[in-house]
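Below is one structure, written out as structure tokens; comments come after it.
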Amino acid sequence: EILPGLPTMAEAAEPTKNDVINLSQRRPERKLVENPLTWWGDTPWLLWNFNYGGIAGLWAGVGEAEALGELFFDCLATLLSVTDLILGFFLNVLIYYAAYDVSPDYAQAIVDRYTDLYYQRCIPGVAVGLLFGNVYYAYMAGRLAYKENRDDVTAQPYGINTTGAFITLGAINLEALFSCVFDQKNLDKVFVDNKPTEAGKDAANKAFAIAVAANFITGIFEILGCLFAEPIRAVIPPPAYYAMLTGVGFVFLAFNPMISIAAEPIVCMVPFLVVVCGFFGGVKYKIGNTGLTIPIAVLAILLSVIFGWAGGCKHKNDGAAMYNYGSGSPGNQNLFADTSRWYTCMGTSRHDAKYMYRTYAGDVSALGGGIFADIGAGMDTITPFMGTILVVAVVGFAASLAGTESAAAAGDDYPMAESLVVDGVGTCLGAIFGSFYGTTIYIGHPIHKTLGAKRGYSVLNGVIYFIVLWSGLFASLYKVIPGCANGALLIFVGLFMCRQAIEDVPPDYYPATFFGLFPCLCNWAALRVDPGYSGDGGWWAGGAQRGAEGMGINFMGQGGGEWFTLIMTSIFCYCTDRNFKAGAIMCAIATFLQLLTGIPTIYNAPTAGKKKYDFIPRMGPERVGYYPKKAHDANFSWMWTVAFAMCTIFFLLQFALQRAGMIDPPIVREKPGAGGPSKAAAVADAKGEPDIVEA
């Protein structure tokens, strides 16, 4: 007898989301180079396949609705969070205060123009990229169903490259803004021509164009990734490319949003627990006996909206000043104003919601001037950002690799090369229309397959986003949803990335995986804690004056910390495996890259030199590029060049001792995905006896 309220055996046996997400299942063997033209065999190219997908080939039942809710709010959480970062902390705090030292009018003009460009160019550009990718992956699902004569195929979910977006904003957008704020031409317009407003618009236009051009090049690199993704995966240890995802996932998607949740617990804690129970505990919130459930994301956002608009995060007087909601720059006052007496958290201000609707709803007037034009305008100054652009592309196709493999683990084996090309084309299309956000496959395919979705959810997601983002309504949406709502969803995404990394690597790689978190933590600290910033007399003269500690934070956190993560985590793994030959090769490559690109460096050549206006600091917090050792010894990139060269010699000596039989032989591992995490194999030692290492 079953007690009242307890599930029946059949209900208890229903699979939860956690029951099917086994990311260490066997996956198909991948070729080093996969030809997307021959992968499909005799499957027709111009095929929508109306025999698959339910009604009109689009609607397969309630599973489509639930999957649509999950994907829509997953993308929305990312878009709201990156909007909050670029328009909030970066633009209205860091950039505003930096430009305020030049002129208050100059600072306000930069903020106003960049905000207009964001809502009227970048956001509609995102709509184009999302529509293309979501429709294409629905089309691809139909072809796969035809090829394999199945009707249980689920389209790959597609959206904004979350990890790449956070890296891009910190390492490209922010640095481009700093460079343009202190550009000589703009300063001349302020001080000589007395045109601060015009100079501010010019600075914003140029910084925006650089970011868009960088995104376009990222898309090109992602397309080329179809040729290099598999070779890279074969050479780079799994913790190294996972760490580029988990670093951003742990720090910016999980840790940073949790800080915001802790700041406003009345509004944020219950929605956070809904996300944890739903996504990690498999809790289903059923609607009576209808067989329908409320999507976790919908419930979490709905609760946060109710609590927030009921006044859960209102502050006044000293309370508002402590939260920096109403004090400080006019930009901050505009962001958090509700009335003349009250200030409230992001997404709960009637004043701001009305202002955004009046200003941007139905208005994309700045779009036309940017189609194709932003890419061309930004190309002439893109060179210093190429190193960061490359690593963002690596993160992009690492996410695509992980997403496609998770789909294969759930039974839907899609062509890897074609998926990488589609992600790159979607990124390029968005950039053509003004977006600086890349797009990629999401890891959540097994979730949507469990819900019973096929491909309708993907098409509808693209169409809905195209309407909402192209109509100018996103600005209003951003101002009516509390930030911690999307933060709770991002915590799930970030921790889920960390879970995947742990499931797909052997235990003796765990230290290397966790080591890969350090650079991203340093990037967060460099931007938030301020280990030292540009000031009169040099960057080290202001801020917390942390000395050597600050230098270490800046070195590890450059360019989002991703290059440092890739190189140092790989070296860590080679040490773990006693693969000294690979370690020597990696350190030699790092020496060459450091010499030519200055991966971790402090010196900012275009803006740091004392020129006409000595009283204005002109060194941004992050910039990569080739800089020689200066006479005043203020550039430290050369130190890393020497250090990597020394490490190369160290590994060569270790390799020689290993060949002489004085050090145990290297550990050889199976490739991940061949039935589970990569495992260490038995290797004959110098005496011919196997060296067994349990992984």
Side-chain angles (χ1 to χ4, degrees), residues 36 45 48 53 57-58 64 67-68 70-79 82 122-144 153-165 168 212 215-216 218-226 229 392-393 395-407 412 414-445 447-448 453-470 474 493:
W45 280 96
W48 181 252
L58 286 176
E64 300 283 5
L68 174 61
E70 302 290 357
L71 179 58
F72 178 84
F73 285 103
D74 194 355
C75 293
L76 183 63
T78 297
L79 197 53
V82 293
C122 180
I123 293 301
V126 171
V128 174
L130 289 180
L131 180 64
F132 165 78
N134 279 279
V135 172
Y136 192 95
Y137 281 121
Y139 153 78
M140 187 186 286
R143 297 189 72 209
L144 184 64
V153 175
T154 298
Q156 296 185 95
Y158 175 86
I160 297 171
N161 181 356
T162 306
T163 50
T168 299
V212 172
N215 191 41
F216 183 81
T218 299
I220 299 296
F221 282 158
E222 286 180 334
I223 294 172
L224 296 176
C226 72
V392 171
V395 170
F397 71 68
S400 298
L401 284 171
T404 304
E405 289 211 342
S406 71
D412 294 337
Y414 287 98
M416 182 74 74
E418 184 175 348
S419 299
L420 290 167
V421 170
V422 171
D423 287 354
V425 171
T427 297
C428 289
L429 283 175
I432 288 172
F433 284 85
S435 170
F436 46 65
Y437 295 130
T439 52
T440 190
I441 298 168
Y442 279 4
I443 284 179
H445 172 278
I447 295 177
H448 302 134
K454 294 187 178 179
R455 67 177 175 189
Y457 83 99
S458 182
V459 174
L460 291 174
N461 185 70
V463 171
I464 292 173
Y465 267 107
F466 186 81
I467 294 172
V468 172
L469 302 187
W470 198 267
F474 174 74
V493 175

Residues Tyr158 and Ser458: side-chain donor-acceptor under 3.5 angstrom: no
Pair Asp423-Tyr137, side-chain donor/acceptor within less than 3.5 Å: yes
Separation of Leu76 CG from Leu469 CG (nearest 0.5 Å): 9.0 Å
Least distance between heavy atoms, Ala431 atom then Asn215 atom: CB-ND2, 3.8 Å
Heavy-atom closest pair, residues Trp48 and Leu58: CZ2-CD2, 3.8 Å
Check: Trp45 and Tyr139 side chains under 4.5 Å, non-hydrogen atoms: yes
Glu64 side-chain N/O to Lys454 backbone N/O, donor-acceptor pair under 3.5 Å: yes
pair Val82-Phe436: side-chain heavy atoms closer than 4.5 Å: no
Note, Val463 side chain near Leu131 side chain (heavy atom, < 4.5 Å): yes
Nearest-0.5 Å distance that lies between atom OG1 in Thr218 and atom CG in Asn161: 9.0 Å
Check: Cys75 and Ile160 side chains under 4.5 Å, non-hydrogen atoms: no
pair Ser435-Val128: side-chain heavy atoms closer than 4.5 Å: no
Check against side-chain contact (heavy atoms from CB on, under 4.5 Å), Asn461 and Leu130: CA-CA 8 Å; Asn461 185 70; Leu130 289 180; 5.6 Å; no
Distance, nearest 0.5 Å, that separates CG of Leu68 from CG of Leu460: 5.5 Å
Considering all heavy atoms, the nearest Pro157-Leu71 contact: CB-CD1, 3.9 Å
Heavy-atom pair with the smallest gap, counting every atom of Thr154 and Tyr414: O-OH, 2.7 Å
Taking every non-hydrogen atom, the tightest pair across Ile220 and Cys428: N-SG, 3.7 Å
Spatial distance of atom CE (Met140) from atom CD (Gln156) [nearest 0.5 Å]: 6.5 Å
Atom of Arg455, atom of Ala141 and distance for their closest heavy-atom approach: CB-CB, 4.4 Å
Backbone N/O of Phe72 and side chain of Tyr457: donor-acceptor pair under 3.5 Å: no
Gap separating the OG1 atom of Thr78 from the OH atom of Tyr437, nearest 0.5 angstrom: 10.0 Å
Aromatic ring pairing Phe466/Trp470, orientation class (parallel under 30°, perpendicular over 60°, tilted between): parallel
Nearest-0.5 Å distance that lies between atom CG in Leu79 and atom CG in Asp74: 11.5 Å
